[in-house]
There are 2 protein chains.
Amino acid sequence: MEAKEILKQHVRKTAILSDEQFEYFFSHFKPKSFKKGQVLISEGEKVDQEFFVISGCLKAFFINDQIKMYILQFAMPTWWTSDYGALYNQSKATIGVDCITDAEVLCLSNQDREKLCNELHQVEHFFRWRTNKGYLASQKRLLSFMNNDTKARYEELLAMYPQLYNLVPKHLIASYLGVSRETLSRLYNNHK
Amino acid sequence: MEAKEILKQHVRKTAILSDEQFEYFFSHFKPKSFKKGQVLISEGEKVDQEFFVISGCLKAFFINDQIKMYILQFAMPTWWTSDYGALYNQSKATIGVDCITDAEVLCLSNQDREKLCNELHQVEHFFRWRTNKGYLASQKRLLSFMNNDTKARYEELLAMYPQLYNLVPKHLIASYLGVSRETLSRLYNNHK
DNA sequence: TGGATTACGTGATCTAGATCACAATCGTAA
DNA sequence: TTACGATTGTGATCTAGATCACGTAATCCA
C-alpha cells in the first residue's frame, strides 16, 4: 500500500475527514526515504519536523553524558516520532532519531501541524487522540519500570512486538529496557 | 481566588475563549470538597470523571498485587488527574485517586469533555495541549528513571516541588520515587 | 578476500537498594 | 488524658543487576 493510503487509514480511525480534506491534509507531508543508520534528528540541532513511519524501524533515544544510550521508542510503521519536547518548545534537540533499518517516512513540520489543527477541527481532534495514546503508553511503561524486574519487562516487550527480536540488535533492546547488554544476554540464555 | 477564576486563568493560557464561551464551558464542571483520606477513584470501579484541583493535594497511584503502591502523580492546584486509561476506554479503574490533604476540585465527566471538545474547537485545542504537557512530563520522568539513581531523582523532585517535603508523608515520596521508605530515609539523613 | 568494526556470550567482582526486624515518636479519635 | 495506628529511623543481611574483562562470531566494506 502506498504512503498516502496508510496515513489515510490511520487518521480515519479517529478523525472524520472528507476526501478533499484529507488531500489537503496530506499535501503538507513530505515523503522521504532513509538508509539504515541515517539520522533524522541529531542532538543539539534544531527540530522542526515530526515523522510518520510508513516502513522500517526508527529509534528515538537519549544519550547521557556521551556514554549511555536509552531508547525511548522503537518507531514502527504507523507510529509517529520526533523530539516532541524540542519541537513544541522550539528548542534544540536533546533526543536523537535515526534508522535501525531502511525506512520510509512522511515528514510534517511543526508549523504545518499547528496550521492544520487550527484550520480543521477534526485534525486537532486527531492529534489530541494521538497524543493521548502516547501519554497512556508512556504512563504504562513508567509503571512497568517501577513494578517489574528486567525479565518481566523483557517478556512484556517481546509479547507486544515479537518482530523486534529479529529486527533490532540485542543491545538496543537492552537500551530500551534500561539494563546492560550483559544482563539482557544472561536473561534470555536462561541463567536463572 | 474562587474556583471559576482559577480555571479561567488556567484555560486561557492555551485557549481563546470568550466570557460567554467560558461560562458555558464552566457550567459543565461540578465543584466538590473532600477531606484528607477521602477517595475519588477506587480501583475496580467505573470511572467517568476527571478532576481539576483547586486546592489541596491528591495522589494518583497504582497498587501491585495488593502490596506495593506506586504513585503516578501528586496532583496539586491547577493540575488534572484521573485514571485516564480507564476513562478513555470506558473500563474499570486500575489506578486509584485519593486526598493527601483536604481538597477542593472541579469534576468534569468524560462525556461532557468530549461534548465540549466537539462543540468548541478551542476547547479541543486546550485539551490537546494539556495532554501534550502530560506526555512530555511522563517521558521526562521515564528518562529520569532510567538515567538517575534514587538520590538524583529525590533532589529533582524536591527542586521541582519544595512544598512536598512538608506536605506529604515520606513514605509517599518513596512510593513516587519507586524506592523503599527505608532507602529514602537513609538518603536524606545522609548515610552516604 | 581479508581486516576491522560491531554484536554477542560469559565469568568474576562489586554495589545500590530491597527486605526484615525492631524501636521510637507523632497524631488523632474516644 | 489515653491509647492505638501511622510515621519514621536504623542496623543486619541479601540480591538483582552493573561493571570489568576477555573471547568468539558475525557483518561490513574497500
Side-chain angles (χ1 to χ4, degrees), chain A residues 34-39 57 59 61 63-71 74 98-102 143-158 163-192, chain B residues 34-39 57 59 61 63-71 74 96 98-102 143-158 164-192:
Chain A
F34 293 94
K35 291 283 171 196
K36 177 178 177 178
Q38 275 196 285
V39 173
C57 181
K59 67 174 195 283
F61 58 95
I63 294 182
N64 161 269
D65 304 326
Q66 325 290 334
I67 300 181
K68 278 199 190 173
M69 177 179 71
Y70 297 103
I71 292 183
F74 291 115
D98 63 22
C99 296
I100 296 179
T101 68
D102 291 357
L143 267 182
S144 177
F145 240 92
M146 297 202 274
N147 237 334
N148 305 129
D149 62 10
T150 302
K151 184 165 190 179
R153 293 208 311 286
Y154 171 67
E155 282 161 0
E156 194 177 57
L157 178 65
L158 283 198
Q163 332 88 293
L164 279 183
Y165 189 85
N166 293 313
L167 192 61
V168 317
K170 307 283 172 285
H171 72 271
L172 292 184
I173 293 182
S175 293
Y176 180 92
L177 295 173
V179 294
S180 68
R181 58 168 199 84
E182 293 95 333
T183 295
L184 182 62
S185 169
R186 286 186 245 269
L187 251 184
Y188 53 66
N189 291 319
N190 253 329
H191 294 241
K192 41 181 150 167
Chain B
F34 294 94
K35 291 282 171 196
K36 177 178 174 174
Q38 274 195 286
V39 173
C57 182
K59 66 175 195 280
F61 58 94
I63 294 181
N64 161 268
D65 304 326
Q66 325 289 331
I67 300 181
K68 278 199 190 174
M69 177 178 71
Y70 297 101
I71 292 183
F74 292 115
D98 63 22
C99 296
I100 296 179
T101 68
D102 291 357
L143 268 182
S144 177
F145 240 92
M146 297 202 274
N147 238 332
N148 304 129
D149 63 10
T150 302
K151 183 165 191 180
R153 293 208 311 284
Y154 171 66
E155 282 162 1
E156 193 177 56
L157 178 65
L158 283 198
L164 280 183
Y165 188 85
N166 293 313
L167 192 61
V168 318
K170 307 284 172 285
H171 72 272
L172 292 185
I173 292 181
S175 293
Y176 181 92
L177 296 174
V179 294
S180 68
R181 57 168 202 83
E182 293 95 330
T183 295
L184 182 62
S185 169
R186 286 186 246 268
L187 249 185
Y188 53 67
N189 291 319
N190 254 328
H191 293 242
K192 39 179 148 172

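To find a chain, count down the sequence lines: A is the first, B the second, and so on, and within it residues start at 1.
The side chain of B/Ser185 places an N or O atom within less than 4.0 Å of a non-bridging phosphate oxygen (OP1 or OP2) of D/dG9. Considering only side-chain N and O atoms, B/His171 lies under 4.0 angstrom from the phosphate OP1 or OP2 of D/dT8. In this structure, A/Tyr188 reaches the C/dG9 phosphate: one of its side-chain N or O atoms is under 4.0 Å from OP1 or OP2. Under 4.0 angstrom from either OP1 or OP2 of C/dG17 there lies at least one side-chain N or O belonging to B/Thr150. In this structure, A/Lys68 reaches the D/dT19 phosphate: one of its side-chain N or O atoms is under 4.0 Å from OP1 or OP2. For D/dC28, the OP1/OP2 oxygens have a side-chain nitrogen or oxygen of A/Lys36 closer than 4.0 Å.
The separation between B/Met146 atom CE and D/dA18 atom P is 13 Å, rounded to whole Å. For the pair B/Asn166 CG and D/dT7 P, the interatomic distance rounds to 16 Å; values are reported in whole Å. Atom CG in B/Leu184 sits roughly 14 Å away from atom C1' in C/dA16 (whole-Å rounding). Computed from coordinates, the B/Arg153 CZ to C/dG17 P distance equals 7 Å when rounded to whole Å. The distance from atom CG of A/Asp149 to atom P of D/dA18 is 12 Å, rounded to the nearest whole Å. Here D/dA18 presents its C1' atom at 14 Å from CD1 of A/Ile67, a figure rounded to the nearest Å. Distance B/Ile100 CD1 to D/dA6 P: 16 Å, rounded to the nearest Å. Remark: P of C/dG11 and CG of A/Asn189 are 11 Å apart, rounded to the nearest angstrom.
Between B/Phe145 and B/Tyr176 the shortest heavy-atom distance is CE1-O, 4.5 Å. A pairwise comparison of heavy atoms in A/Leu177 and A/Leu184 identifies CD1-CD1, 3.8 Å as the closest pair. When all heavy atoms of A/Asp102 and A/Lys36 are compared, the closest pair comes out as OD1-N, 2.7 Å. Between A/Asn189 and A/Ser185, the shortest heavy-atom contact is ND2-O, 3.0 Å.
B/Asn147 contributes atom CG, which lies 11.0 Å from atom CD1 of A/Ile63 (distance to the nearest 0.5 angstrom).
Side-chain proximity of B/Arg181 to the nucleotides C/dT10, D/dG17, C/dA21 is greatest for C/dA21. Residue A/Ser180 has its side chain nearest to D/dA18 when only D/dA18, D/dC28, D/dG9 are considered. Nearest to the side-chain atoms of B/Pro169 among the listed nucleotides D/dC22, D/dT8, D/dG11 stands D/dT8. In the set C/dG17, C/dT28, D/dG17, D/dG17 carries the atom at the smallest distance from any side-chain atom of A/Val179.
Note on B/Gly37: nothing from the nucleic acid sits closer than 4.0 angstrom, heavy atoms only.
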Kindly list each side-chain donor-acceptor pair under 3.5 angstrom involving residues 166-174 of chain B, sequence neighbours excluded, with atom names and distances?
residue	atom	partner	partner atom	Å
B/Lys170	NZ	B/Tyr165	O	3.0

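No N or O donor and acceptor, one from the side chain of A/Glu182 and one from the base of C/dC8, sit under 3.5 Å apart. The base of D/dT19 lies close enough to the side chain of A/Arg186 for a donor and an acceptor atom to sit less than 3.5 Å apart.
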